[in-house]
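Sharing a structure here in structure tokens format.
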Amino acid sequence: MEEEKLWQKSLSAIEEKVGASTFELWFKPIRLIQIKEGQATIEVPNRFFKEWIEDYHPALISETIGSLMPESAGRNMNMAVKYNIAEKQATGIKRMDARLESRRTKLAGRGIYLNPKYTFGNFIAGPSNQFAQAAARAVADSPGSAYNPLFVYGGVGLGKTHLISAVGNYVADKRPDCNILYVSSEQFTSEVVFAFRNSKTEELKSKYRNLDLLLIDDVQLLENKTATQEELFHTLNVLYERQKQIVLSSDRPPKEIKSITDRLRSRFGMGLIADIQPPDIETKIAIIEKKAEMERITLPGDVVHFLASKVKSNIRDLEGCLIRLGAHSSLTGSPVDLPAAKSILRDFIQEDDRALTADAIAKAVAEYFGLKLTDMRAMRRTKDIAIPRQVAMYLSRELTETSLSEIGRCVGGKNHATVIYACKQVEAKRAQDENFNRMIENLIIKLKP
């Protein structure tokens, strides 16, 4: 397969995974330079693109290209990705990037795949997360003896991955002989499935049960995966008995994780459970200022306060807005002032002085699901359109005073009976499906002024 065709297929697959708006902004401008000896070299417009992709989709490009390689070329799910930055970089930025890349390479040489930027030094503590941060520091200082396991939970984008990775980075620095492994629950599941299918369970046990520190992200994704849960339970038992440290993260506490075995839920809760809540405005200001300093982005005080007061969802979205401002400023050569910030982020931030409308909700829901607004208003009834359309009708009824007929008009001319039916469907699904309910809650937080 020619490289250009492979890249176009990869882009299409990436768009399906991240949605249209994210794809258009962050992935469409990328060019593939070459694929050679297990490494894909890509060109991004400036360093902010590299920064954003490595923070929020670190393995996406690698895994996508690797999975689409033809059999004759040898599929490589661990294909390396090298970034070429089109824009000329300042010397200070180059040095900072070189230090991070050197550290990343050094960790990888020990089989530790942690983001080197996720340290305690740049984790901003406030009332919403200081207990979790203190617990993580205690574990890092005395792994295996302080709190075991440490279970950190909180909503999407509040810093769980940063915090548990900080434990790993700290221990890696202080104890060079320590055997450390950081994995996502999805990766752990994939390894379990592969081991069972290929009679390699002993290799799997050897890898996971001879560690000094095991860090597993998003354990709520193990719901309904019986074999993976069984393997994890026995792995945690072995590590615990050997006084080896376990650190886990989830978007909810153990008691709210459905469809896992009682004994695994009990194991999750045997040590210390620490939650992370959404930050207050003072903490958000500190986070913005720290991130801007790290990224060498100059922001006036009114822009900092604008971001802190308007982005209500989570830290990840807050940092995403900051990176977006930095990328725009870098590409245009223009400084970021308040009018520019409002213009650049107009599709993301809802102004308080502008009443929330059914049209605005339909647009936001379409963007959330990676659809165009015209898709939402089309006559199609396929599941990928029907569910977002029902969600938009439900949220419009919950969050606005708009009439049922007007709500129906905003999603393609549906009548009031269809709107009522859609609202009942969403209410029923919220009661039955915890993940769906959390998605609705996140949308409400994002939409509410």
- Rounded to the nearest 0.5 Å, how far does OG1 of Thr119 lie from CG of Asp173?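 It comes to 9.0 Å.
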- Query: Measuring from Ile315:CD1 to Ile124:CD1, what's the distance to the nearest 0.5 Å?
  - Reply: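 So the CD1 of Ile315 and the CD1 of Ile124 are separated by 9.5 Å.
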- Message: Does this structure show an ion pair linking Arg263 with Glu230, if we count only N-O contacts that are shorter than 4.0 Å?
- Response: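 Salt bridge flag = yes for Glu230 with Arg263.
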- Would the number of heavy atoms belonging to other residues, nucleotides or ligands and lying under 6.0 Å from CD of Glu186 be above 12?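 Not buried by this count: 12 neighbours or fewer within 6.0 Å.
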- Message: Would Asp217 and Ser249 count as a side chain to side chain donor-acceptor pair (under 3.5 Å) here? Give the steps.
- Response: CA-CA 5 Å; Asp217 223 348; Ser249 86; 2.3 Å; yes
- Item | Steps toward side chain to side chain contact (heavy atoms under 4.5 Å, CB included) verdict (Leu204, Lys200) | CA-CA 6 Å; Leu204 181 75; Lys200 294 183 179 291; over 6 Å; no
- Query: So, are Glu24 and Lys28 salt-bridged, with charged N and O less than 4.0 Å apart?
  - Reply: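 Answer for the salt bridge query: yes.
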- Query: From Leu211 CG over to Gln245 CD, what is the distance, rounded to the nearest 0.5 angstrom?
  - Reply: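 Here the interatomic distance stands at 12.0 Å.
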- Item | Heavy-atom closest contact (Ala292 atom, Leu322 atom, distance) |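 In terms of heavy atoms, the two residues are closest at N-CD2, 3.6 Å.
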- Message: Under 4.0 Å between a side-chain nitrogen and a carboxylate oxygen: does that hold for Glu63 and Lys17?
- Response: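 Looking at Glu63 and Lys17, the cut-off is not met.
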- Kindly indicate, with the supporting measurements, whether the criterion side chain to side chain contact (heavy atoms under 4.5 Å, CB included) is fulfilled by Glu256 and Gln220. CA-CA 9 Å; Glu256 292 183 14; Gln220 79 278 356; over 6 Å; no
- Query: If you take all heavy atoms of Asp359 and Cys410, which pair is closest and at what distance?
  - Reply: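 Heavy atoms of Asp359 and Cys410 come nearest at OD1-SG, 3.3 Å.
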- Item | Test item: Arg389 side-chain N/O and Ala422 main-chain N/O as donor-acceptor pair under 3.5 Å |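 Checked: no pair found.
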- Message: Check Lys117 with Glu51, please: is the shortest side-chain N to carboxylate O separation under 4.0 Å?
- Response: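 Here Glu51 pairs with Lys117 in a salt bridge, since their nearest N and O are under 4.0 Å apart.
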- Item | For Lys414 against Val411, the heavy-atom pair lying closest together |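 Scanning both residues completely, I find the closest heavy atoms to be CG-CG2, 4.0 Å.
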- Query: Any donor-acceptor pair under 3.5 Å linking the side chain of Ser330 with the backbone of Gly326?
  - Reply: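 No, because the side chain of Ser330 does not come within donor-acceptor range (under 3.5 Å) of the backbone of Gly326.
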- Do you know which two heavy atoms are closest between Asp212 and Cys178, and how far apart they sit?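 Asp212 and Cys178 have their closest heavy atoms at CB-SG, 3.4 Å.
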- Sequence neighbours excluded, which residues qualify as salt bridge (Lys or Arg N to Asp or Glu O under 4.0 Å) partners of Glu43?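 Residues passing salt bridge (Lys or Arg N to Asp or Glu O under 4.0 Å) with Glu43: Arg31.
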- Quick one: are Asn169 and Arg103 in side-chain contact, heavy atoms under 4.5 Å?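 Asn169 vs Arg103: side chains touch.
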- Message: Among residues at least two apart in sequence or on other chains, which ones pass salt bridge (Lys or Arg N to Asp or Glu O under 4.0 Å) with Asp177?
- Response: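 Applying salt bridge (Lys or Arg N to Asp or Glu O under 4.0 Å) to Asp177 gives none.
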- Shortest non-hydrogen contact from Ile180 to Ile112?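 The answer is O-CG1, 3.7 Å.
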- Query: Is there a donor-acceptor pair closer than 3.5 Å between any side-chain N or O of Asp433 and the backbone N or O of Lys429?
  - Reply: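 No, the answer is negative, given that no donor and acceptor are paired below the 3.5 Å cut-off.
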- Item | Donor-acceptor contact below 3.5 Å, side chain Arg110 vs main chain Pro176 |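 Yes: the side chain of Arg110 pairs with the backbone of Pro176.
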- From NE2 (His328) to CD1 (Ile344), nearest 0.5 Å: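 Rounded to the nearest 0.5 Å, the NE2-CD1 separation comes to 4.5 Å.
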- State which residues pass salt bridge (Lys or Arg N to Asp or Glu O under 4.0 Å) with Arg267; sequence neighbours excluded, sorted by chain then number.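 Arg267 satisfies salt bridge (Lys or Arg N to Asp or Glu O under 4.0 Å) with no residue once adjacent residues are dropped.
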- Inspect the contact between Glu202 and Lys205 and indicate whether a charged nitrogen and a carboxylate oxygen are less than 4.0 angstrom apart.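 The answer is yes: the pair qualifies as a salt bridge.
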- Message: I'd like to know if Glu367 and Lys363 make a salt bridge, using a cut-off of under 4.0 Å between side-chain N and carboxylate O.
- Response: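 No, no charged N to carboxylate O under 4.0 Å.
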- Message: Would you say that more than 12 heavy atoms from the other residues, nucleotides or ligands in this model lie under 6.0 Å from the CG of Asp262, or not?
- Response: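 No, not enclosed.
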- Message: Could you go through Asn224 and Ser259, starting from their C-alpha distance and side-chain angles, then the distance that decides it, and tell me whether this counts as side chain to side chain donor-acceptor pair (under 3.5 Å)?
- Response: CA-CA 5 Å; Asn224 297 310; Ser259 303; 3.0 Å; yes
- Is the shortest side-chain N to carboxylate O distance from Lys36 to Glu3 below 4.0 Å?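 No, this pair does not count.
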- Query: Which pairs count as ring-ring contact (aromatic ring centres under 6.0 Å, His included) when at least one residue sits in residues 173-203, sequence neighbours excluded?
  - Reply: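 Qualifying pairs: Phe188-Tyr208.
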- Report the distance from atom CG of Leu399 to atom OH of Tyr394, rounding to the nearest 0.5 Å.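 OH of Tyr394 is found 8.5 Å from CG of Leu399.
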- Query: Counting N and O atoms only, with roles assigned by atom type, does the side chain of Asn122 sit under 3.5 Å from a partner on the main chain of Lys290, one being a donor and the other an acceptor?
  - Reply: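 Not confirmed, Asn122 side chain does not pair with Lys290 backbone.
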- Query: Heavy atoms, side chains only, cut-off 4.5 Å: are Leu325 and Leu307 in contact?
  - Reply: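 Yes - at least one pair of side-chain heavy atoms lies under 4.5 Å apart.
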- Query: Considering only heavy atoms from C-beta outward, does the side chain of Gln133 approach that of Leu163 to under 4.5 Å?
  - Reply: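 Gln133 reaches Leu163 side chain to side chain.
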- Message: Using 0.5 Å steps for rounding, measure from the CG atom of Leu107 to the CG atom of Leu114.
- Response: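 Leu107 CG to Leu114 CG: 6.0 Å, rounded to 0.5 Å.
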- Do Glu434 and Glu223 touch side chain to side chain, with heavy atoms closer than 4.5 Å?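 Contact flag for Glu434/Glu223 side chains = no.
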- Task: Could you pull out the closest heavy-atom pair between Leu215 and Ile164, with the gap in Å?
- Result: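 Looking at all heavy atoms of both residues, the closest pair is CD2-O, 3.3 Å.
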- ring-ring contact (aromatic ring centres under 6.0 Å, His included), paired with Phe268, selected from Tyr240, Phe151, Tyr153, Phe233: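 Testing Phe268 for a ring-ring contact (aromatic ring centres under 6.0 Å, His included) against Tyr240, Phe151, Tyr153, Phe233 leaves exactly one candidate, Phe151.
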- How far apart are the C-alpha atoms of Ile246 and Ile216, what are their side-chain angles, what is the distance that settles it, and do they pass the side chain to side chain contact (heavy atoms under 4.5 Å, CB included) test? CA-CA 8 Å; Ile246 303 155; Ile216 304 185; over 6 Å; no
- Query: salt bridge (Lys or Arg N to Asp or Glu O under 4.0 Å) with Lys50: which residues, sequence neighbours excluded?
  - Reply: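 Applying salt bridge (Lys or Arg N to Asp or Glu O under 4.0 Å) to Lys50 gives Glu54, Glu101.
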- Message: Closer than 3.5 angstrom, by distance alone: can the side chain of Lys82 be matched with the main-chain N or O of Gln39 as a donor-acceptor pair?
- Response: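 The answer is no, because no donor-acceptor pair under 3.5 Å joins these two groups.
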- Keeping the roles fixed (side chain from Arg265, backbone from Ile257), state whether a donor-acceptor pair exists under 3.5 Å.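 At least one qualifying donor-acceptor pair exists.
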- Min side-chain heavy-atom separation Val44-Ile85 under 4.5 Å: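 Heavy-atom side-chain distance check passes, below 4.5 Å.
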- When you look at Glu398 and Ile444, which way does the side chain to side chain contact (heavy atoms under 4.5 Å, CB included) test go after all the steps? CA-CA 9 Å; Glu398 291 292 307; Ile444 290 173; 5.8 Å; no
- Is the closest side-chain heavy-atom distance between Ile323 and Lys291 below 4.5 Å?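 Yes. Closest side-chain heavy atoms under 4.5 Å.
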- Which pairs, with at least one residue in residues 17-38 and sequence neighbours excluded, count as a ring-ring contact (aromatic ring centres under 6.0 Å, His included)?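 Counting only pairs at least two positions apart or across chains, the ring-ring contact (aromatic ring centres under 6.0 Å, His included) contacts touching residues 17-38 are Trp26-Phe49, Trp26-Trp52, Phe27-His57.
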- State, yes or no, whether a side-chain contact exists between Val311 and Lys284 at a heavy-atom distance under 4.5 Å.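 The answer is no, as the side chains (C-beta and beyond) never meet within the 4.5 Å cut-off.
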- Item | Heavy-atom check, side chain of Asn437 versus side chain of Met439, under 4.5 Å |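 A side-chain contact under 4.5 Å is absent here.
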- Item | Arg346 side chain vs Ser343 backbone, donor-acceptor pair below 3.5 Å |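 Yes; judged by distance alone, with no hydrogens or angles, the pair exists.
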- Message: Between Glu231 and Arg209, does the salt bridge (charged side-chain N to carboxylate O under 4.0 Å, His left out) criterion hold? Intermediate values first, please.
- Response: CA-CA 11 Å; Glu231 183 59 34; Arg209 300 183 188 183; 2.9 Å; yes
